[in-house]
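Let me begin by presenting the structure, written as structure tokens, before commenting on it.
Reminder, nothing fancy here: chain letters follow the sequence lines and each chain counts from 1. These figures come from a predicted structure and were not determined experimentally.
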Amino acid sequence: MPAVSFYKMKKKIISLIEKVAGGFGGPRLWRGRLTAGGSVPVEVFASDDERNGHYSTNVAFRLAKIRKQNPMEIATMLAEKIEEISPPGFLSKIEAAAPGFVNFWIAPSAFQGELKTILKMKGRYGRSKIGGGKKIQIEFISANPTGPLTVGNGRGGFLGDALANILNFCGWKARKEYYINDAKSSAQIRELGKTALGRGTSYLTEELAEKIKKIKLKKGASEEDAGSRLARELMKENRRFIEKELKIKFDVWFSEESLYESGAVRKTLEKLKKNDLAYEKDGAWWFRASRFGDTEDRVLVRNSGEPTYFLPDLAYHLDKFKKRKFDEAIDIWGADHYGYAPRLKAGLKALGVKEDGIRFIILQLVRLVKNGEEVRMSKRRGEFVTLKELIDEVGLDAARFFFLMYSPDTHMDFDLALAKERSLKNPVYYVQYAFVRILGILAKLKTAERKLPPKTDFEPLNTAEDFRLIRFLARFPEIVREAAESRAPAVLVRYLLETARAFHNFYEKERIAGEEKKIAAARLALALATKIVLENALGLLGVSRPKKM
RNA sequence: GUCCCCGUAGUUCAACGGAUAGAACAGCUCCCUUCUAAGGAGCGGAUCGAGGUUCGAUUCCUCGCGGGGACACCA
């Protein structure tokens with residue numbers, strides 16, 4: 001039996017089902033699922049225990065509906081037919097189970113063969129080309145240069161970074177971009193300028209006051225220039241923090257102001273005017289957003305003559321799609337910006353960008369809680385409300401893992417009082433510890449024993465713990481694909497926790513050092529394969545792999 | 001008022017319409033002469049409410065109730 005990846009096993013099962021379930025109008029495969037008779041979804045799902053097979057399908061229920069027949073009868077028939085045509089050595093068992101599932105057990109040799117693949121592929125294990133080289137731009141954090149990064153910025157930052165890794169691993173060309181809101185004509189820069197010149201108190205904190213003292217403003221500087229100068233300073237600091245402390249490397253730092261300098265903002269407005277998509281009212285220029293799905297028309301240029309945020313943002317997104325030819329753009333935003341999405345969508349639609357090109361990932365806000373009471377962003381000392389303070393407190397890996405665990409839709413409650421204590425119990429250590437244990441095993445072995453013999457026999461790997469671990473390892477390619485396709489790194493985090501658990505179980509039960517040669521070699525192969533998968537998965541999430549703990 | 005998200009164990013979260021609703025933390029029992037106990041084994045504990053669709057609903061639909069967010073010539 002040649003080594004096949006688990007993903008191929010699943011496909012193979014699907015093709016077996018297709019062969020025997022035909023006759024109801026060309027079932028086809030779509031995203032790992034079978035779609036038969038046009039719109040009837042059929043699933044083949046992997047299960048974590050042996051109870052109902054390694055794989056199961058609900059195809060009989062779907063067919064029952066079409067054929068008006070008892071699902072259990074169909075399942076029984078399918079199981080029999082599939083058994084007849086399945087290639088030797090692939091399935092160890094197949095059965096129909098009430099009320100109509102068909103369950104598949106993969107032969108041990110096929111699973112053991114997967115180990116060989118992992119050991120051979122190493123860092124490439126799980127890689128694929130399903131992205132087809134499509135260019136995806138992911139824009140995230142893009143925090144206003146008016147102060148330090150918040151905990152919410154961190155959530156978006158880790159998500160964007162991990163997502164880019166995963167997409168690149170699966171054959172997309174993902175680029176990470178930070179949009180710097182540094183437009184001189186913006187209200188926030190002017191407000192910042194007023195504060196810098198002592199004419200206002202917007203964004204003012206003790207830290208900001210320090211910074212204002214530090215920067216040297218020319219005498220008689222305009223509010224615009226003062227704000228711009230101060231924003232640059234704050235941005236410099238945030239960028240240093242992102243690169244050095246968050247360890248996130250952006251491919252592009254895109255300046256909003258550059259869109260003014262290049263004339264892109266002006267050209268975008270002209271285009272809108274020319275096509276009768278903008279009109280003048282009350283001294284301002286409005287975009288006919290209501291014609292394109294938004295609830296009302298939106299201001300592009302204020303009656304003061306200065307553009308709103310919307311106009312340069314349109315120019316920016318046009319730059320993504322028209323100039324730089326991205327196939328898809330993902331904007332990661334906090335929930336507080338959600339209402340802005342229809343406006344941007346309407347604008348892009350009007351300007352001829354195809355609708356499904358832009359995707360918004362809306363992160364629900366992180367709610368900071370202390371002793372059961374909500375803590376509002378407070379400038380008082382001692383409340384770590386900035387991302388820096390959080391990371392200083394709990395560490396980068398713990399913070400990163402914590403945020404990546406949860407789906408963007410979750411309204412997270414982050415308890416400040418418990419954060420430190422929680423951080424020590426962070427699940428990231430559970431995973432990292434599994435990795436460290438493997439290194440511990442290797443360290444215990446003599447140099448010669450650390451290498452696998454050329455023809456390692458996997459036969460001794462036959463306990464329940466062995467198979468369970470192998471099954472998890474073999475699912476890695478499938479899981480990465482799922483994470484990429486659904487743009488959801490959290491899937492990978494959960495997988496990692498389960499795989500680490502499977503390893504800890506294996507470790508508890510079986511020994512390697514000092515075992516008989518054949519057994520030691522086989523178990524070493526399993527440990528090494530686990531190490532590869534953990535390395536690959538942690539690498540994609542951007543979590544470090546410590547040598548010891 | 002309108003729109004979006006959420007409501008699952010004491011707590012923080014899982015479960016792409018499937019089989020006995022999973023973890024972690026907290027609580028209670030056990031397991032270190034062994035490759036690190038940051039680990040393992042076990043116990044107790046949950047789907048906000050009412051209808052509907054379905055062979056099957058935590059998941060989909062409608063209506064309530066509760067929480068968060070958005071409804072700017074701010075970004």
Side-chain angles (χ1 to χ4, degrees), chain A residues 31-33 41 43 45 47-48 51-52 56-58 61 64-65 70-72 97-101 103 142-144 146 181 183 186-189 191 202 256 281-286 295-296 298-310 313 334-342 362-365 367 372 374 402 405-415 418 421-422 424-434 436-445 482 485-486 488 490-491 493-494 497-498 500-501 503-505 507-515 523 527 548-549:
Chain A
R31 288 174 69 160
R33 276 168 225 174
E43 294 176 29
F45 35 85
S47 82
D48 291 348
R51 202 174 54 209
N52 295 318
S56 302
T57 180
N58 59 355
F61 294 108
K65 185 156 277 175
N70 185 312
M72 192 56 196
F101 294 97
N103 299 331
S142 302
N144 293 332
T146 52
N181 302 137
S186 73
Q188 78 179 7
I189 292 291
E191 283 299 306
S202 301
E256 181 182 2
K281 193 184 97 183
D282 305 332
W285 280 91
W286 298 68
T295 51
E296 58 200 285
R298 304 292 180 175
V299 173
L300 294 159
V301 182
R302 301 177 192 121
N303 59 18
S304 65
E306 266 137 10
T308 61
Y309 179 79
F310 180 40
D313 205 25
D336 53 342
H337 285 67
Y338 179 76
Y340 179 68
I362 306 300
L363 288 161
Q364 295 306 319
L365 303 182
R367 205 160 148 260
E374 182 169 4
F402 180 79
M405 271 178 73
Y406 303 123
S407 120
D409 283 341
T410 347
H411 297 255
M412 291 171 60
D413 273 2
F414 197 96
D415 195 314
L418 291 177
E421 188 199 329
R422 277 268 161 89
L424 293 171
K425 290 162 189 160
N426 191 295
V428 74
Y429 302 117
Y430 186 80
V431 179
Q432 288 181 326
Y433 187 54
V436 168
R437 277 183 146 175
I438 298 171
L439 296 184
I441 292 169
L442 293 175
K444 200 78 180 179
L445 297 173
E482 196 189 325
E485 281 172 342
S486 56
V491 172
V493 177
R494 270 172 248 133
L497 286 166
E498 287 178 312
R501 164 180 292 277
F503 177 77
H504 283 304
N505 283 318
Y507 181 94
E508 206 65 33
K509 193 115 190 266
E510 321 277 17
R511 291 188 55 79
I512 295 179
E515 288 292 316
R523 289 184 186 155
K548 60 178 188 177
M549 293 170 72

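For the P atoms, the distance linking B:A37 with B:A23 amounts to 23 Å, nearest Å. Comparing the P positions of B:A75 and B:G18 gives an interatomic distance of 45 Å, to the nearest angstrom. Annotation: B:U8 and B:A15 have their P atoms spaced 14 Å apart (nearest Å). For the P atoms, the distance from B:U58 to B:G52 is 15 Å, rounded to whole Å. For B:G7 and B:U12, the P atoms lie 12 Å apart once the distance is rounded to whole Å. A gap of 23 Å separates the P atoms of B:G64 and B:A70, to the nearest Å. Nucleotides B:G56 and B:C3 place their C1' atoms 33 Å apart, quoted to the nearest Å. B:G17 and B:C6: their P atoms are spaced 13 Å apart (whole Å).
Note on A:Phe101: a base of the nucleic acid sits closer than 4.0 angstrom, heavy atoms only. Contacts of A:Lys509 with the nucleic acid, taken as non-hydrogen atoms under 4.0 Å apart, are absent. Among the atoms of the strands shown, base atoms are found under 4.0 Å from some heavy atom of A:His411.
The structure places CD of A:Glu256 at 7.5 Å from CG of A:Asp313, a figure rounded to the nearest 0.5 Å. Going from atom CD of A:Glu296 over to atom CH2 of A:Trp286 covers 7.5 Å, rounded to the nearest 0.5 Å. Between the OH atom in A:Tyr309 and the CD atom in A:Gln188 there is a gap of 8.5 Å [rounded to 0.5 Å]. Interatomic distance, CE of A:Met405 versus CG of A:Leu497, reported as 6.0 Å (0.5 Å rounding).
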N/O contacts under 3.5 Å, protein versus nucleotides 20-24 of chain B?
{"unit_1": "B:U20", "atom_1": "N3", "unit_2": "A:Arg51", "atom_2": "NH1", "d": "3.1"}
{"unit_1": "B:A23", "atom_1": "O3'", "unit_2": "A:Arg501", "atom_2": "NH2", "d": "3.0"}
{"unit_1": "B:A24", "atom_1": "OP1", "unit_2": "A:Arg501", "atom_2": "NH2", "d": "2.4"}

Find every protein N or O atom lying less than 3.5 Å from an N or O atom of nucleotides 56-60 of chain B, and list the pairs.
none

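Note: CE (A:Met72) to C1' (B:A19) measures 12 Å, nearest angstrom. Rounded to whole Å, atom P of B:C32 lies 15 Å from atom CZ of A:Arg437. The nearest whole Å value for the distance from the OH atom in A:Tyr406 to the C1' atom in B:U11 is 11 Å. A:Ile438 places its CD1 atom 15 Å from the P atom of B:G39, with the value rounded to the nearest Å. The CZ atom of A:Arg511 sits 17 Å away from the P atom of B:G40 (whole-angstrom rounding). Taking atom CG of A:Leu439 as the reference point, atom P of B:A38 lies 16 Å away to the nearest angstrom. In this structure, A:Tyr507 places its OH atom 11 Å from P of B:A38, rounding to the nearest Å.
Searching all strands for a Watson-Crick or G-U wobble partner of B:G66 with both distances below 3.5 Å returns B:C6. Pairing for B:A41 goes to B:U29, judged as Watson-Crick or G-U wobble with the two contacts each under 3.5 Å. B:A19 is unpaired under the criterion used here, namely a Watson-Crick or G-U wobble arrangement in which both key atom distances are under 3.5 Å. The partner of B:G1 is B:C71, judged by Watson-Crick or G-U wobble contacts that both fall below 3.5 Å. Under the Watson-Crick or G-U wobble criterion, with both distances below 3.5 Å, B:C35 is left unpaired in every strand shown.
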Report the C-alpha distance between A:Leu445 and A:Ile512 in whole Å, list the side-chain angles of each, state the deciding distance to 0.1 Å, and finish with yes or no for side-chain contact (heavy atoms from CB on, under 4.5 Å). CA-CA 9 Å; A:Leu445 297 173; A:Ile512 295 179; 4.3 Å; yes
Mind running side-chain contact (heavy atoms from CB on, under 4.5 Å) on A:Glu515 and A:Glu510 for me, showing each step along the way? CA-CA 9 Å; A:Glu515 288 292 316; A:Glu510 321 277 17; over 6 Å; no
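B:C32 has its base syn relative to the sugar, with a glycosidic angle deviating from 0 by at most 90°.
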Sequence-aligned protein contact record of nucleotides 70-75 of chain B, with B where the base is within under 4.0 Å of a protein heavy atom and S where only the sugar-phosphate is: S--BSB
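For the side-chain contact (heavy atoms from CB on, under 4.5 Å) test, residues two or more places apart in sequence or in another chain that qualify with A:Ser56 are A:Phe45, A:Asn52, A:Asn103. A search for salt bridge (Lys or Arg N to Asp or Glu O under 4.0 Å) contacts involving A:Glu498 returns nothing, not counting sequence neighbours. Under the rule for a side-chain hydrogen bond (donor to acceptor under 3.5 Å, both in side chains), A:Thr146 has no partner lying at least two apart in sequence or in another chain.
Of all the heavy atoms in A:Tyr430 and A:Arg501, the pair that sits closest is OH-CA, 3.2 Å. In this structure, A:Ala183 and A:Ser186 approach most closely via the heavy-atom pair O-OG, 2.9 Å. Of all non-hydrogen atoms in A:Pro99 and A:Phe61, the two that sit nearest each other are CG-CZ, 3.7 Å.
Judged by atom type and distance alone, A:Asn103 reaches the base of B:A19 through a side-chain donor-acceptor pair under 3.5 Å.
Within the structure, a side-chain polar atom (N or O) of A:Arg494 is placed less than 4.0 Å from OP1 or OP2 of B:A15. A sub-4.0 Å separation between OP1 or OP2 of B:A41 and a side-chain N or O of A:Asn505 is present. Not one side-chain nitrogen or oxygen of A:Ser407 sits closer than 4.0 Å to the OP1 or OP2 atom of B:C6.
Taking only side-chain atoms of A:Glu508, from C-beta outward, the nucleotide of B:A19, B:U34, B:G40 with the closest atom is B:G40.
In this structure, A:Phe503 and A:Tyr507 have tilted ring planes: the angle between them lies in the 30° to 60° band.
Residue-to-nucleotide proximity on RNA chain B shows that, of A:Pro71 and A:Gln364, the 5′-proximal contact is made by A:Gln364. Toward the 5′ end of RNA chain B lies the nearest nucleotide of A:Met405, the other residue of the pair A:Met405 and A:Asn52 mapping further downstream.
Remark: side-chain polar atoms of A:Thr410 are not paired, donor with acceptor, to backbone N or O of A:Met412 under 3.5 angstrom.
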